Amino acid sequence: MKRFLLNWLVLTIATSVTVWLVPGLHIIGDYSWVAYGTFALFLAFINVSIKPILHIFMLPLTVLTFGLAALIVNTFCFEIAPLMSHSLFGTGVISDGFGWSLLGAIVVSIVSNILNMLAMD
């Protein structure tokens, strides 16, 4: 449970940095920290449950495309999280299109990896 909470905190910080950097991402709701937290919560759940299954099914295509299919899986997961957070809590992070979601997924991955490396020290 401690690891999940740490991952949720890292994703919340990474999401706030990503929304600040990527102009095509916006928050919905009254409080930005609630929007970041709910989006990160659902992204963490998706990363734990659905994403590994999608990566296994997409493995042949990922090998053929030299890893580009993995970006599509990450973007798909980045698109699902706002739908879940907005439909359940009425808050979250939305994107203006697929390209912004792709860029947002890349930035969240980079920032969360950096934060995870810092948290391990």
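Treat the numbers as computed from the prediction; the structure is a model and nothing was measured.
Distance CG/Leu11 to CG/Leu43: 5.0 Å, rounded to 0.5 Å. Here Ser49 contributes atom OG and Leu54 contributes atom CG; the two are 9.0 Å apart, rounded to the nearest 0.5 Å. Rounded to the nearest 0.5 Å, atoms CD1 (Ile72) and CG (Leu102) are 6.5 Å apart. Separation of atoms NE2 (His26) and OG (Ser32) is listed at 14.5 Å; rounding is to 0.5 Å. Distance check: Thr91 OG1 to Ile27 CD1 gives 7.0 Å after rounding to the nearest 0.5 Å. Interatomic distance, Thr62 OG1 to Phe57 CZ, rounded to the nearest 0.5 Å: 13.0 Å.
Heavy atoms only, all atoms of each residue included: Ser16 and Ile13 are closest at OG-O, 2.7 Å. Counting all heavy atoms, side chain and backbone alike, Ile46 lies closest to Pro52 at O-CD, 4.4 Å. The shortest heavy-atom contact between Trp100 and Leu25 is O-CD2, 4.1 Å. What you find for Pro82 and Val93 is that their closest heavy atoms are CB-O, 2.8 Å. Contact detail for Ala81 and Phe42: the closest heavy-atom pair is O-CB, 4.1 Å. Taking each heavy atom of Thr38 and Ala35 in turn, the nearest pair found is OG1-O, 3.2 Å.
For Phe78, the ring pair (Phe, Tyr, Trp, His ring centres under 6.0 Å) criterion is met by Phe39, not counting sequence neighbours. Partners of Asn74 according to the side-chain hydrogen bond (donor to acceptor under 3.5 Å, both in side chains) rule, which considers only residues two or more places apart in sequence or in another chain, are Lys51.
Ile28 and Val34 are members of different hydrophobic clusters when ILVMFWY side chains are connected at heavy-atom separations under 4.5 Å. When hydrophobic clusters are built by joining Ile, Leu, Val, Met, Phe, Trp and Tyr residues whose side-chain heavy atoms come closer than 4.5 Å, directly or via intermediates, Trp20 is grouped together with Val22. Val107 and Tyr36 fall within the same hydrophobic cluster, where Ile, Leu, Val, Met, Phe, Trp and Tyr residues are linked whenever their side-chain heavy atoms come under 4.5 Å apart, directly or through other members. Val48 and Leu9 fall into different hydrophobic clusters, where Ile, Leu, Val, Met, Phe, Trp and Tyr residues are linked whenever their side-chain heavy atoms come under 4.5 Å apart, directly or through other members. Criterion: ILVMFWY side-chain heavy atoms under 4.5 Å apart, direct or through other members. Under it, Phe89 and Trp8 are not part of a common hydrophobic cluster.
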Evaluate the side chain to side chain contact (heavy atoms under 4.5 Å, CB included) criterion for residues Leu68 and Leu71: first the C-alpha distance (whole Å), next the side-chain angles of each, then the deciding distance (0.1 Å), finally the verdict. CA-CA 5 Å; Leu68 291 178; Leu71 284 175; 4.0 Å; yes

Worked check of side chain to side chain contact (heavy atoms under 4.5 Å, CB included) between Leu41 and Phe4: CA-CA 10 Å; Leu41 177 67; Phe4 181 79; 4.2 Å; yes

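At a threshold of 4.5 Å between non-hydrogen side-chain atoms, the residues Leu61 and Met58 count as touching.
Screening residues 75-90 for side chain to side chain donor-acceptor pair (under 3.5 Å), with sequence neighbours left out, gives Glu79-Ser95, Glu79-Ser101.
With hydrogens and angles disregarded, no donor-acceptor distance shorter than 3.5 Å links the side chain of Asn7 to the backbone of Arg3.
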